[in-house]
Trainee: 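Have a look at the structure that comes next, please.
Below, read A as the first sequence line, B as the second, and so on, with proteins coming before strands; counting in each chain starts at 1.
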2 protein chains.
Amino acid sequence: MLNTVLKAGQVLDLFDKQNPEWGVSEVATELDIPKSSAHSLLASLAQIGLLRHGEGGRYRLGWKMLNFGQIVIDTTEFRVESRAVMEQLAAQYRETIHLAVLDDGVVVYADKLQGQQAVQVAVTGLGVRLSPHCSAVGKVLLSHQPWPWVREIMEKQGMPKFTDNTITDVDRFQEELLQVREQGFAYDLEEAVPDLCCVAAPIYDYDSEVVASLSMSIPAYRFERAKKEYRGAVIRACQKISRNLGYMEFISSYRKKAANK
Amino acid sequence: MLNTVLKAGQVLDLFDKQNPEWGVSEVATELDIPKSSAHSLLASLAQIGLLRHGEGGRYRLGWKMLNFGQIVIDTTEFRVESRAVMEQLAAQYRETIHLAVLDDGVVVYADKLQGQQAVQVAVTGLGVRLSPHCSAVGKVLLSHQPWPWVREIMEKQGMPKFTDNTITDVDRFQEELLQVREQGFAYDLEEAVPDLCCVAAPIYDYDSEVVASLSMSIPAYRFERAKKEYRGAVIRACQKISRNLGYMEFISSYRKKAANK
DNA sequence: TACCCCTGTTCAGTTATTCTGAACAATCCT
DNA sequence: AGGATTGTTCAGAATAACTGAACAGGGGTA
């Protein structure tokens, strides 16, 4: 591992929505490195376009980040395939639809659609990273990962309690994941945000790997009324996307048999 | 300048919409470096999340890029201010609206709206980088930069001919920029794409700096009919955005006088 | 207006890293 | 099953990064 690149990564990670602008001295004190080291890191990152230094010598994330982000969006196969199905769902139910993936143990929103105002949609909240233990998509994605790995992640990240329903016990979480995997969908019953429920299902690719998860978010009072219908719609949507990605169920079950031999 | 970071930048620049996936050996031969060097670069970039290595050990841009791109979008002041005005323009004229900035001598689309289908809009073509000599936004942005610097950029990048109207002569381009700066707007009369015309104007910030340019793109036959109206609409939109950013014209003229002393 | 303090930037010697090329392991294709 | 890819590892040789003090440029204040 190249030490210099790792340091550069630490520098980049400082830039977030709350602190989009950093000076050399600030970075130096924050990372506890000499001013000159911070300077060469920032200057080099600016030279390759990942940062830019505008007025006052302060640094911001560069426009190339926009470019790279867009490439991610445009070249992710399941994202392209999901789009049409997501729009259909959003149009029919007028609820918020999320498409999420697992990245280094956290849930990342790869796409988002709102039923109401169509315009702002695809941009807001995209790329947001959050802990997976309290969301339907997180449960779905983790349920298809080996438990020891999941356990390690949970211990490393912790399982913060956001509402009374948040699962904070590791063993309880394992049971939940087993059930999710078994039944092929997951609920989030006000576990992350009060009064907000979600239902999510897995998206498989041609290799029968779970590559993403799609969810619909619904206010609790409305969710209770038609839980089954929402669930069915999400599951059918995921099946349709999976099929478009080349997933075939019978091959999957065949491979499971082969693996168990 | 940190050599390692520069190398990392070269690696990242390989990833584009046409080649979103690279292996170690491919990178090594492409950049003419030993396989092991390519490996440590890719592995390190993957560790900090800028890349990810999925199936087959091949590497792709990481999900963190989406995150960073989104931060750029959400924390760019003029972009936030422009949004409402752009939507208004798009709704009224039903034509494509672009918001562009200058980054290292090239034009970058910071936002894009289409009048017709509202949904796909904000995502398509965002972050795209193109040469500035054949677009209205490019002319506007360059017209507010010192000519020697612009000349250098033009000589480095070249001025490729896309249509019969493309300006390919440097001296001719200088005249054009002088006029654009003087009149406060720029046309693109089928200079980049046949049958496509644009009109663009500058967006000033509180410091009287040109930070971006907004343009409207219209099919040539329609553009000829109402050139003046389109021009007026774009200029008024830019003035409104500039004012929201704290730009005040009288301060600008005051500073010009002070600078000329 | 002049001062002071805090910026970002540069530089050269010391230190620690990266770079390299060959050997290994795993995978795909024939 | 074989051959030729691929990605990965390792230890010595070469080179880069790290440091801390000195420099320069602004912004604010007295």
Trainee: Treating primed atoms plus P, OP1 and OP2 as sugar-phosphate and everything else as base, which nucleotides of nucleotides 8-23 of chain D get B, S or - for protein heavy atoms under 4.0 Å?
Mentor: BB------SSSBB---
Trainee: Can you name the closest pair of heavy atoms from Val180(B) and Lys139(B) and give their distance?
Mentor: CG1-O, 4.1 Å
Trainee: Return yes if a side-chain donor-acceptor contact under 3.5 Å exists between Glu175(B) and Gln179(B), otherwise no.
Mentor: no
Trainee: Could you give all pairs that pass the side chain to side chain donor-acceptor pair (under 3.5 Å) test and reach residues 17-36 of chain B, with sequence neighbours left out?
Mentor: Asp74(A)-Lys17(B), Glu21(B)-Arg58(B), Glu21(B)-Arg60(B), Glu26(B)-Arg58(B)
Trainee: Testing Phe15(B), Phe68(B), Trp63(B), Tyr59(B) one by one against Leu50(B) for a side chain to side chain contact (heavy atoms under 4.5 Å, CB included), which residue passes?
Mentor: Phe68(B)
Trainee: When the distance from CZ of Arg58(A) to P of dC6(C) is rounded to whole Å, what number comes out?
Mentor: 16 Å
Trainee: Roughly, in whole Å, what's the span from CG in Leu6(A) to C1' in dT17(C)?
Mentor: 13 Å
Trainee: In sequence, state the C-alpha distance, the side-chain angles, and the governing distance for Tyr204(A) and His144(A), and then conclude on ring-ring contact (aromatic ring centres under 6.0 Å, His included).
Mentor: CA-CA 11 Å; Tyr204(A) 297 87; His144(A) 288 266; 5.8 Å; yes
Trainee: Defining pairs by Watson-Crick or G-U wobble geometry with both distances under 3.5 Å, how would you list the stems of DNA chain D with at least three pairs each?
Mentor: C:1-24 with D:7-30, C:26-28 with D:3-5
Trainee: Between Glu152(A) and Lys156(A), is there a side-chain N and carboxylate O pair less than 4.0 Å apart?
Mentor: no
Trainee: Taking 4.0 angstrom as the limit, do Arg129(A) and Asp103(A) come out as a salt bridge?
Mentor: yes
Trainee: Specify whether His133(B) and Phe173(B) have parallel, tilted or perpendicular ring planes, treating 30° as the upper limit for parallel and 60° as the lower limit for perpendicular.
Mentor: perpendicular
